[in-house]
There are 4 protein chains.
Amino acid sequence: MIGHAFMGKAHSQAWRTAARMFELPVEPVMAVLCGQDIGRATAAAVQLGWAEAADDWRSVIARDDIDLVDICTPGDSHAEIAIAALEACKHVICEKPLANSTLEAEAMANAAAQAHATGARAMVGFTYRRVPAVALARQLIANGRVGDVRHVRAQYLQDWIADPEAPMNWRLEKDRAGSGALGDIGAHIVDLTQYLLDDQIAQVTADLRTFVKDRPIAGTGDALIPDRRGLVTVDDAAAFIATFAGGALGVFEATRFATGRKNAIRIEINGSCGSLAFDFEDMNVLHFYDATEPAATAGFRRILATEPEHPYVEAWWPAGHGLGYEHGFTHQIVDFVNAVAAGTDPTPTFVDGLHVQHVLDTIERSAEARSWQPVAP
Amino acid sequence: MIGHAFMGKAHSQAWRTAARMFELPVEPVMAVLCGQDIGRATAAAVQLGWAEAADDWRSVIARDDIDLVDICTPGDSHAEIAIAALEACKHVICEKPLANSTLEAEAMANAAAQAHATGARAMVGFTYRRVPAVALARQLIANGRVGDVRHVRAQYLQDWIADPEAPMNWRLEKDRAGSGALGDIGAHIVDLTQYLLDDQIAQVTADLRTFVKDRPIAGTGDALIPDRRGLVTVDDAAAFIATFAGGALGVFEATRFATGRKNAIRIEINGSCGSLAFDFEDMNVLHFYDATEPAATAGFRRILATEPEHPYVEAWWPAGHGLGYEHGFTHQIVDFVNAVAAGTDPTPTFVDGLHVQHVLDTIERSAEARSWQPVAP
Amino acid sequence: MIGHAFMGKAHSQAWRTAARMFELPVEPVMAVLCGQDIGRATAAAVQLGWAEAADDWRSVIARDDIDLVDICTPGDSHAEIAIAALEACKHVICEKPLANSTLEAEAMANAAAQAHATGARAMVGFTYRRVPAVALARQLIANGRVGDVRHVRAQYLQDWIADPEAPMNWRLEKDRAGSGALGDIGAHIVDLTQYLLDDQIAQVTADLRTFVKDRPIAGTGDALIPDRRGLVTVDDAAAFIATFAGGALGVFEATRFATGRKNAIRIEINGSCGSLAFDFEDMNVLHFYDATEPAATAGFRRILATEPEHPYVEAWWPAGHGLGYEHGFTHQIVDFVNAVAAGTDPTPTFVDGLHVQHVLDTIERSAEARSWQPVAP
Amino acid sequence: MIGHAFMGKAHSQAWRTAARMFELPVEPVMAVLCGQDIGRATAAAVQLGWAEAADDWRSVIARDDIDLVDICTPGDSHAEIAIAALEACKHVICEKPLANSTLEAEAMANAAAQAHATGARAMVGFTYRRVPAVALARQLIANGRVGDVRHVRAQYLQDWIADPEAPMNWRLEKDRAGSGALGDIGAHIVDLTQYLLDDQIAQVTADLRTFVKDRPIAGTGDALIPDRRGLVTVDDAAAFIATFAGGALGVFEATRFATGRKNAIRIEINGSCGSLAFDFEDMNVLHFYDATEPAATAGFRRILATEPEHPYVEAWWPAGHGLGYEHGFTHQIVDFVNAVAAGTDPTPTFVDGLHVQHVLDTIERSAEARSWQPVAP
């Protein structure tokens, strides 16, 4: 695994847990943790449970005893690492966004396509697909329980920089992060809605906003450096209207300025004979409206997605004993390991990740052109 | 109508509205408003829309042009007025509780039975029965949608005297009010659950509490009279466990000390194949769980009881346009007028009100005896 | 009052109730109900409680004993009636939308301006402003409790024609209705958000959709006429992104295809130090997040807007006894009568209604041009 | 660890995770898993991640390299194992209920007291205390944020045997399970409310119910054995009213017949200046009402207990990324290991567990005597 910050911690917990709660065809071994600084990487390896630490990912990728590379670094290094790993015929799990530019993402998708013949598999980490309530929503749509989808309403709401005096952070710099709310969290709702509908966004009109243009700079600890402010070079919020290829109308919003909303991924889908609603702040619940019910007893059902009948749940606890955020990562490992063992292709693929990148690019292009734009490679 | 405080205001709005929103067989005329003080009664008659005012209810009852007496006074005068009205062959609507003592309530039920032959009809005002979501709940139970009822969970939660320095009030004096939370609001959940199940409470074990024993006394305006405190002689809260004749287990709580709950009448019913949940603080909603649904899509449905298919709703607004507190009173008038015109018996009858009184008495007896007691006349 | 369908019924209930629940400086008299057919108008006058019926609104407007004209007809007759009434120096309350075209709306605003000198006042009926929870939201924003507003998220969701076989209706014909979801319900969220923020929408990008292009035609009763279908010439749904003059980013959606949502007017506002959320399907509640609270105890508060401290509530019932849909209409009458008596200008004025019309026009223009458009007269 | 069913799986996940997400003073080693059958124990050890398996717990307890014994067996073997382990000077974590009889529980508490001098520590596994929202509730009460507690309302609602044809199970046999809903889930709400209030239940009146007296018997797989039914010898549901020593009035209900409720641990607390509400079906949320707020802005706050300021949360994920059921077990291990390392006493102690047992006994005694009973050793 490369990288040991937030995502590294979540992935480690997933690797540690997958084979204990699920029956896997092979037993994953947590071999090497790579970081930029060997001291910090070593400490992290101990804390997170990896056998070794390293600071040169190239030499780790070159090792014969390494079968899989899990990339948890910021987006600007994804392409280089993933392409090298695929060329070395390793399986790759890469955190989203696939890359900071479409060019890089295309190169990665090409590398994945070429490595496929060698048996190497590549997956991008849109982990929210694997929340049981979300996977259940996809099943219900696929089974026709909502009918023809007319409306998609998706929001990803956070508030961690709503305070104008919250300090600078690498995620607010275009060079490091690629984009702001759009790429960081907007990418998730683009992927999730396309996944749920099994459809693709075809056209968009959009607006991007940076509400706070400059921010204080943190020195050591929590102290701020006086009189110095850094420039915010990414968007704080993105709003876009989208047309899906199949005809649905989508309204999207991703922001880090939704005061009081902490990680509210909210998706509503209205179809010709049913509707669904989900909010990650209540992640074990899916609301489902069945319009084929008589009017007197129709209503949104609060389905507690903790039954053995629900995706992934049987491996865990009895009904009513909810799961948490990191369980999606465990499910991701389980699905990946099972797919590799079965010789099938784990999803979302790098091509899926590339398509999301195209959508994000089109949103930026539309916001600049002040007009509708077709999603195009 | 006798009395023009809170209940008088609600009943007036109902009389004014019933024939305008519903098609009634006869047109009610708001003839005379009686009060203790002719000055205040006259002002109230103007404000509330009555043609005349009076301060002697006996002479009003004696009038030939009066067909119906609506009693909105405190409980200690119900028996005298109702019996006189029934003896004069008038229809009677009497606010709950039927009376402050079982003896009085029995006399009233007897008077109603005797007057029945003259065509006079009597009803007690448990108005919450006529909230559409509640009436729908009864239909669903009657239609077997929850199966055999095992659990009844009912709370009536208010907080208007949770503050120990809230001043004295006639409702806190046993002489005037008969009892405290038990009779004032506990009576509602006893009636509602018996109505919903079409069953009766057979045995109870109970506790009554007076958390705050004395309180300041208000003088004129909002000012308190210094150094004087009044004794609270009624219960602040009542809790009881009940066995229904049909076997269901009931757990009840009525309190004026549920800080933050304003008028939370909460009822949950669990049966062998379904459940219902209602909270008056969200009065247009009934939650319904249908256990015959497959586990993957079962869940409590939030039924917005605003469809034309729901009881009383068709006369009002389109779906999604909710009703409010006073609509229950309008429905009460509508049902009463329709029953009288049709020659049927409006419910709840005085006998129903008397039975509630028996239950309340038994609760008091149980709380004192510290043991289970059968409900008995 | 002119017109006696849905809005006529709601307005009648308001006129009947206003002086009974509130203390008004003058007592409104429900004099004449006008309709196109004298027979149906007479029946409606009896049912809704008007003293007389008429079928010629011009002669009614000419009467000296008429002080106020309340216009509840479809939008295509608003201009003619309102202008005539204002020229006759009558006060005018006109249902929204102000008119079906901006040209008409301008003429109405001009007529109102000219009549103002004669003492006549004009108001447009955006009644949802007067739901207590909404009025409270405006107070909190005005008092700085949410700080600088960054995000406005507004939806008006209905589902009454989600079924493709729901029959034709005058609201689906452009000639009669002017527009579809946009003008009928989108107008409300444009008005409400501008009212809440005390700001105006300056630019929009939009999409309009007609999901179902033709529909069966109803004959007498509920029966459909076989083999005939009518053309839907208005939008089923509207989505738009808006920039407010003050800098807030708005995301809007109005639709009649949100299966399971009956009258969900949902508004969320995120500011620099607080947030608000409202849903008309739970109309007595306002959710408020105060970001100045310590993180450990911060959370969206479910304010039950039924306290005497809340706008309009003191005239009604004790805390926790909720109001319903038609109460907003009563508050509208109360505010109008008080303003006229006090010589102040009731709001929203015809100029406010005209501005909403401009926004709606710009949305249509933007949807056609496929690009952002400034709101312009 | 002894036992490898449901609780064994949850405890294993906790042992595996504790040192990875928290900084612990010592690193736990998952040494030996004991079961009755060596074959199944070996398979479980592999699946759950233990180094060895064994079928003789006595010999494992005798080993010098074992410092701690984690007891996850049914209640009828707790006393024997725990006492032996304590006599061998091992630390002990014992699942609830402490024992199936008060006599056994007393012996265990005595053994714990004697072993204390040797440094051995004992804890009983009321894991719900360590849900962050619950621990936060205790902090708020301790800090006086709700004032004097008047009302406690606690329910533990499940529905896994609501279907009368659900088959027999060892939990329905008194010999094995000790009691039914009362001991299995009622014990949790007794412990939780006493913990939250830092107070003890002093008197109770109660009812116990067995709604379904006999059930089919499952053979191999899911097939039922025809014509044979087993006797249910425990309670299906328990209801009790309790007086706390400090004066609060408690109303409790524990049932396996609450159709549609899967694991609803619901606790509401009303105090003189605030209230709290919690439901485990939405386990990351605590509702808090602060009555010191002005009425216009007071309301139950939905606190998402996922902030670093909340108990246990900082070790996990950013705000808004919820935890799940098993996290409480991890926190239990963390607290136990930290207490042992610090030389303090981990809670709840065996004495706490014994007190819960006394309360449960008194409830059974009260249900039989049909009267209030004091809780007494």
Side-chain angles (χ1 to χ4, degrees), chain A residues 146-148 150-151 153 155 157 159 162-164 203-209 211-212 236-243 247-253 255 257-261 266 268-277 287-291 293 298-301 366-367 369-373, chain C residues 146-148 150-151 153 155 157 159 162-164 203-209 211-212 236-243 247-253 255 257-261 266 268-277 287-291 293 298-301 366-367 369-373:
Chain A
V146 307
D148 296 331
R150 276 91 169 247
H151 287 289
R153 205 167 292 117
Q155 295 140 23
L157 309 178
D159 73 351
D163 177 353
Q203 296 180 47
V204 292
T205 183
D207 202 12
L208 296 178
R209 285 295 181 88
F211 295 109
V212 174
D236 288 334
F240 49 102
I241 302 174
T243 302
L249 172 63
V251 177
F252 292 79
E253 205 177 347
T255 179
F257 275 70
T259 304
R261 304 299 178 191
R266 305 198 294 199
E268 285 191 25
I269 288 167
N270 305 130
S272 52
C273 68
S275 286
L276 295 166
H287 298 273
F288 169 46
Y289 184 91
D290 182 347
E293 269 285 316
F300 274 86
R301 298 172 200 182
S366 165
R370 311 302 285 165
S371 65
W372 282 84
Q373 298 290 331
Chain C
V146 307
D148 296 330
R150 276 93 170 244
H151 287 289
R153 204 167 293 119
Q155 295 139 25
L157 308 178
D159 73 352
D163 178 354
Q203 295 180 49
V204 294
T205 183
D207 202 13
L208 297 179
R209 286 294 180 88
F211 295 110
V212 174
D236 290 332
F240 48 102
I241 302 174
T243 302
L249 173 63
V251 177
F252 292 78
E253 205 176 347
T255 179
F257 275 70
T259 304
R261 304 298 180 192
R266 305 198 295 199
E268 285 191 27
I269 288 168
N270 306 128
S272 53
C273 68
S275 286
L276 294 167
H287 299 273
F288 168 46
Y289 184 91
D290 181 347
E293 269 286 315
F300 274 86
R301 296 173 201 182
S366 166
R370 310 303 285 164
S371 64
W372 282 83
Q373 298 290 331

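Heavy-atom basis, side chains included; hydrogens, waters and symmetry copies ignored. Lettering follows sequence order; numbering is per chain, from 1.
- A/F211 meets the ring-ring contact (aromatic ring centres under 6.0 Å, His included) test with A/F257, C/H151; sequence neighbours excluded.
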Worksheet item: Given the rule in the side-chain hydrogen bond (donor to acceptor under 3.5 Å, both in side chains) test, do A/T243 and C/R209 qualify, once you have shown the distances and angles that lead to the verdict?
Response: CA-CA 10 Å; A/T243 302; C/R209 286 294 180 88; 3.3 Å; yes

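- Because its NZ or CZ atom is both nearer than 6.0 Å to the ring centre of A/F300 and within 45° of the ring axis, C/R261 counts as a cation-pi partner of that residue.
- Minimum heavy-atom separation, A/A162 to C/R150: O-NH1, 2.9 Å.
- Side-chain contact between A/V251 and C/F252: absent, with no pair of heavy atoms (C-beta onward) separated by less than 4.5 Å.
- Looking at A/A367, there are no atoms closer than 4.5 Å to chain C (heavy atoms on both sides), in backbone or side chain.
- Counting only heavy atoms from C-beta outward, the side chains of A/D207 and C/L249 approach each other to under 4.5 Å.
- At a 4.5 Å heavy-atom cutoff, A/A369 makes no contact with chain C through either its backbone or its side chain.
- Residue A/S275 holds its OG atom at 9.5 Å from CG of C/L157, rounded to the nearest 0.5 Å.
- With chain A as the partner, the residue from C/D163, C/T255, C/V146 showing the most heavy-atom pairs under 4.5 Å is C/T255.
- When heavy atoms are compared at a cutoff of 4.5 Å, C/Q155 approaches chain A solely by way of its side chain, counted from C-beta outward.
- Between C/I241 and A/E253, every side-chain heavy-atom pair lies at or beyond the 4.5 Å cut-off.
- Ranked by non-hydrogen atom pairs under 4.5 Å with chain C, the options A/G250, A/A206, A/A237 are led by A/A206.
- Options C/G260, C/S366, C/S371 differ in how many heavy-atom pairs under 4.5 Å they form with chain A, and the most are formed by C/G260.
- Taking all atoms of both residues into account, the shortest heavy-atom contact from C/A258 to A/R153 is CB-NH2, 4.4 Å.
- For the residue pair A/T259 and C/A291, the shortest heavy atom distance occurs at CG2-CB, 3.7 Å.
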